[in-house]
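Working notes for the structure below.
Chain A is the first sequence line, chain B the second, and so forth, proteins listed ahead of strands; every chain is numbered from 1.
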Amino acid sequence: MSRRNILVTNALPYANGPIHLGHLLGYIQADIWVRFQRMQGNNCTYVCADDAHGTGIMLSAEKAGVSPEEFIDAVNQEHQRDFADFLVDFDIYHSTHSDENKTFSSLIYERCKASGHISQRSITQLYDPEKDLFLSDRFIKGQCPKCKTEDQYGDNCEVCSSTYNATDLINPRSTISGATPVEKESTHFFFKLPAFADFLNEWTRSGTLPTQVANKLAEWLDSGLQEWDISRDAPYFGFEIPGEPGKYFYVWLDAPIGYMASFQKLCESRDDLNFEDYWGVESNNELWHFIGKDIINFHALFWPAMLKTSNFRTPTGISVNGFLTVNGQKMSKSRGTFIMAETYKQHLNPEYLRYYFAGKLGSNPDDLDLNLEDFVQRVNSDVVGKVVNIASRCAGFINKGFEGKLSAEVSEPDLIADCQQTTTEIAELYEQREFSKAIRLIMSLADKANQYIADKTPWVLAKENPQALEVQNICSTGLNLFRLLIIYLKPVLPNLANQVEEFLNVSALQWQDAESLLLDHQINKFKPLMTRVESTKVDAMVEASKENLNTQENSSVDASDKVDSPLSNDPISDEIEFPDFAKVDLRIAKIVEANYVEGADKLLKITLDLGLNAAGEQQIRTVFSGIKSAYKPEQLNGMYTVLVANLKSRKMKFGVSEGMILAAGEGDDIYLLEPHKGAQAGLRIT
RNA sequence: GGCUACGUAGCUCAGCUGGUUAGAGCGCAGCAUUCAUAAUGCUGAGGUCGGUAGUUCAAGUCUACCCGUAGCUACCA
């Protein structure tokens, strides 16, 4: 198969605030597809930029006391850092406020004008006389003309959900200055979209879009397209329209053109890329846009029409993702589910999120729910418990018994072949952007690998003879299966794959490598590849997101990062009711014995006396506690402490633990709780 | 209000053009196991598919209405 030339663009984030998990959904989706294409050996170029124009940015910069240019530069840095943290591998991350974009915006406008698709007429709009600014609906609030609710925006009422014109509001006011808006006329420029109705009817149904998206667009198409207002009056942060002083391109005119501008900028530094090859009307290369479902009309109506009339090629396809909900609800600042990329990164490994999203993403624009409990279980069970575990359970035998050498042949050719043959199906699913189906398939292979190892019980054979050829064969087979799984997962988990390449002592894995096996091959010592998600970290992230809400109000953004205290690192949990607390039965207990546990790194075995029960029997409990790093058994003997007495017993590797003793801290700094002198064993703590 | 989607086991999701006892993973329960980062294997219990009424020999799958959720509704991005 010949190499495909693919250009992928990702929706441009608005340069008005930080990247959050909702943004990341779309970028991770595109990045997985891009990485897959590159692993296939295709030339896949991936571009993005900040969307840096508009009234919103102008006002934000003003509020921050800096110029718009300074403002968007700072945001651009942050955005690039966040995307890099989440392993989103753009070839270029540019800005719509660039020379290249100005050139293309003017060019496309001129071509639209030359083909007779630009009109102009005077419209009446509300105007802020104090601020000298035309007001869009967003910046006007007033009383709903229907239900009389106060504080509603200029286009629709959130309470009675009626729609109206801003001029219908009772007592309207500018949200910027508070002034009463006045009506004012101004000349605006329009793109004659109706002229493209036939073209768009055809184009939207030609396989470029998911059906659901085409259905939605039929709404505009069937009800008759309107001319699109593409100009804004000064003051506005954007590009001035050529030959029309005081008139600026509406931000959505130059935003998609930013895709071209970014690519052009990239071409200047790359010999292998040529602008015309990708954007010329004759181009046979692929052009894919990855966007969110909120900006469908801009990309699937205005954009192709503009490209068409200005003599550029139209996109090959548009991939649309839905919105992210957290725990089944809209992201909410007060619930702590409005999680910034940076906050997430401080607490959790970005690859967890990449895996979770991949496990739920399909090609349709359905919303995706990040259920935090499900997130923890899913990642732990699939990635750590199933996949990584295969390497972990095989590597020891190979390293110890065979000096890290894999056997010359595998013991189960059928199983391996089965796993190798699935490569086509998995590739097809990635290609179709059915990542969740691909992941399901890959995990079923991981299950087969674990079943195989459990069936062959190499540890039993190794007990008799650690150098038995059969042990080497079984574990080499296991590690070869593991390698295949990592190839399949590499688009989703690139960092993990890099670590595995190091461990297996191989060069960067490509899709084609699934055809070959590692035989008679020297591997390196196994190091833990990925640790489990700890739900305490997830809780801490949610808490930190709630705190952001408070600290964000203060302009000193950095202050919260500097505090290093137990409370700042691990904030107080959600409020509970008294009955919740009362369920926990805490008792004074006397430590009658403490012992080391053979083979345990962290645990001490502690025997506790709770005194006599109603029947006059001595209540003795055994508890395993992870305090070996801080206490010696002899220090504990005779000491009194606090026991969670009604905690369900838990079977552990070294025995059953019948409760939990209370201590603070971690690592070497663990502090066991001890009551004041005189407390009697069995007393309840209230 | 209009429009577009969505609503299937505790959780997250599959179910193609309607067709045998509705599937998976996780979680849960029991058993086995202890090579592995509390990790694995086996077995099992859980849904009548948001509701109502239809079409049909046959409906989770089609139609209508209703309820719930999300989004869009062209000068916010």
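Taking 4.0 angstrom as the limit, A:N215 places a side-chain polar atom (N or O) nearer than this to OP1 or OP2 of B:rA5. In this model, the phosphate group of B:rC26 is approached by a side-chain N or O of A:K386 to a distance below 4.0 Å at OP1 or OP2. Distances shown here put a side-chain N or O of A:K463 below 4.0 Å from the OP1 or OP2 atom of B:rC35. Dashed line: the shortest gap from a side-chain N or O of A:Q451 to OP1 or OP2 of B:rC42 is under 4.0 Å. An OP1 or OP2 oxygen of B:rA14 is reached within less than 4.0 angstrom by no side-chain nitrogen or oxygen of A:K360.
In this structure, of B:rG41, B:rA77, B:rC35, it is B:rC35 that holds the atom nearest to the side chain of A:F397. Of the candidate nucleotides B:rU12, B:rA74, B:rU40, B:rU40 has the atom lying nearest to any side-chain atom of A:N389. Minimum atom distance to the side chain of A:Q212 is reached by B:rA5, of the listed B:rC35, B:rU12, B:rA5. Of the candidates B:rA36, B:rG41, B:rA77, the closest approach to any side-chain atom of A:D447 belongs to B:rG41. Of all nucleotides listed (B:rA5, B:rA77, B:rU12), B:rU12 comes nearest to the side chain of A:R378.
One atom, CD of A:Q377, and another, P of B:rA38, lie 17 Å apart when rounded to the nearest Å. One atom, NZ of A:K293, and another, C1' of B:rC72, lie 9 Å apart when rounded to the nearest Å. Residue A:N321 contributes atom CG, which lies 14 Å from atom C1' of B:rA5 at whole-angstrom precision. Atom NZ in A:K456 sits roughly 24 Å away from atom P in B:rA32 (whole-Å rounding). When the P atom of B:rU40 is taken as reference, atom CD1 of A:I453 falls 12 Å away, rounded to whole Å.
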Which is it for A:Y452 and A:S411 under the side chain to side chain contact (heavy atoms under 4.5 Å, CB included) test, yes or no, and what are the steps along the way? CA-CA 11 Å; A:Y452 163 73; A:S411 66; 2.6 Å; yes
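No engagement by A:N16 is indicated, since no non-hydrogen atom pair under 4.0 Å with the nucleic acid exists. A:M530 comes within contact range of at least one nucleobase, with a heavy-atom separation under 4.0 Å. Among the atoms of the strands shown, only primed sugar atoms or phosphate atoms (P, OP1, OP2) are found under 4.0 Å from some heavy atom of A:G385. Contact annotation for A:V388: base contact, defined as any heavy-atom pair under 4.0 Å involving a base atom. At the heavy-atom level, A:D455 lies nowhere under 4.0 Å from the strands shown. Nucleic acid contact for A:L217: none, since no nucleic acid atom lies under 4.0 Å from a heavy atom of the residue. Residue contacts for A:Y236: at a heavy-atom cut-off of 4.0 Å it reaches the sugar-phosphate backbone alone, with no base atom in range. Using a 4.0 Å heavy-atom criterion, one finds that A:P528 contacts the bases of the nucleic acid, with or without backbone contacts as well.
Separation of the P atoms belonging to B:rA59 and B:rG18 is 13 Å when rounded to the nearest angstrom. Rounded to the nearest Å, the gap between the C1' atom of B:rU34 and that of B:rG41 is 12 Å. Comparing the C1' positions of B:rC42 and B:rU4 gives an interatomic distance of 47 Å, to the nearest angstrom. A gap of 8 Å separates the P atoms of B:rG50 and B:rA9, to the nearest Å. Separating the C1' atom of B:rU37 from that of B:rA45 is a span of 31 Å, rounded to the nearest Å. Taking the P atoms as reference points, B:rG60 lies 16 Å from B:rU55, given to the whole Å. Rounded to the nearest Å, the gap between the C1' atom of B:rA14 and that of B:rC6 is 15 Å. A distance of about 23 Å separates the C1' atoms of B:rG10 and B:rC67, rounded to the whole Å.
Using bins of under 30°, 30° to 60° and over 60° for the plane-to-plane angle, the ring pair A:F199/A:F196 lands in the perpendicular bin. A perpendicular orientation is assigned to the rings of A:Y127 and A:F134, their planes being inclined by more than 60° (bins at 30° and 60°). In this pair, A:H117 and A:F191 present their aromatic rings tilted. The plane angle is within the 30 to 60° band. In this pair, A:Y248 and A:Y236 present their aromatic rings tilted. The plane angle is within the 30 to 60° band.
In RNA chain B, runs of at least 3 consecutive Watson-Crick or G-U pairs, each pair with both distances below 3.5 Å, span B:1-7 with B:67-73, B:10-13 with B:23-26, B:28-32 with B:40-44, B:50-54 with B:62-66.
The ring-ring contact (aromatic ring centres under 6.0 Å, His included) test applied to A:W228 returns A:F302, not counting sequence neighbours. In this view, A:N215 and A:R205 satisfy the side-chain hydrogen bond (donor to acceptor under 3.5 Å, both in side chains) rule, not counting sequence neighbours. For A:H299, the side-chain hydrogen bond (donor to acceptor under 3.5 Å, both in side chains) partners are A:Y259, not counting sequence neighbours. By the salt bridge (Lys or Arg N to Asp or Glu O under 4.0 Å) test, A:E434 is found to be paired with A:K437, residues two or more places apart in sequence or in another chain being considered. Partners of A:R440 by salt bridge (Lys or Arg N to Asp or Glu O under 4.0 Å), not counting sequence neighbours: none found. Remark: A:E227 pairs with A:R121 by the salt bridge (Lys or Arg N to Asp or Glu O under 4.0 Å) rule, at least two apart or across chains.
Near RNA chain B, defined here as any heavy-atom distance below 4.0 Å, the residues from residues 133-142 of chain A are A:S136, A:D137, A:R138, listed numerically. Of the residues in residues 250-258 of chain A, A:Y250, A:V251, A:W252 come within less than 4.0 Å of RNA chain B through at least one heavy atom, sorted by number. Listed by residue number, A:E219, A:W220, A:G224, A:L225, A:Q226, A:D229 are the residues of residues 218-229 of chain A with a heavy-atom contact under 4.0 Å to RNA chain B.
Applying the ring-ring contact (aromatic ring centres under 6.0 Å, His included) test between A:F435 and each of A:Y488, A:Y430, A:Y356 identifies A:Y430 as the sole match.
Within 6.0 Å of NZ in A:K605 there are 12 or fewer heavy atoms belonging to other residues, nucleotides or ligands.
Counting distance only, with no hydrogens placed and no angle test, the side-chain atoms of A:K216 and the base atoms of B:rC3 include a donor-acceptor pair under 3.5 Å. In terms of polar N and O atoms assigned as donor or acceptor, the side chain of A:Q125 comes within less than 3.5 Å of the base of B:rC75 in a complementary pairing.
Between A:K400 and A:S381, the residue anchored nearer the 5' end of RNA chain B, judged by the nucleotide with its closest heavy atom, is A:S381.
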Quiz: residues 57-64 of chain A side-chain donor-acceptor pairs under 3.5 angstrom, not counting sequence neighbours:
from, atom 1, to, atom 2, distance (Å)
A:S60, OG, A:N16, OD1, 2.6
A:S60, OG, A:G56, O, 3.0
A:E62, OE2, A:K131, NZ, 2.3

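Sorted by first and then second residue, the side-chain hydrogen bond (donor to acceptor under 3.5 Å, both in side chains) pairs with a member in residues 384-396 of chain A read A:K386-A:D447, A:R393-A:N450; sequence neighbours excluded.
Within the 3.5 Å criterion, the main-chain N or O of A:V460 finds no donor-acceptor partner in the side chain of A:T457. Between the A:R354 side chain and the A:L493 main chain, no donor and acceptor come within less than 3.5 Å of each other.
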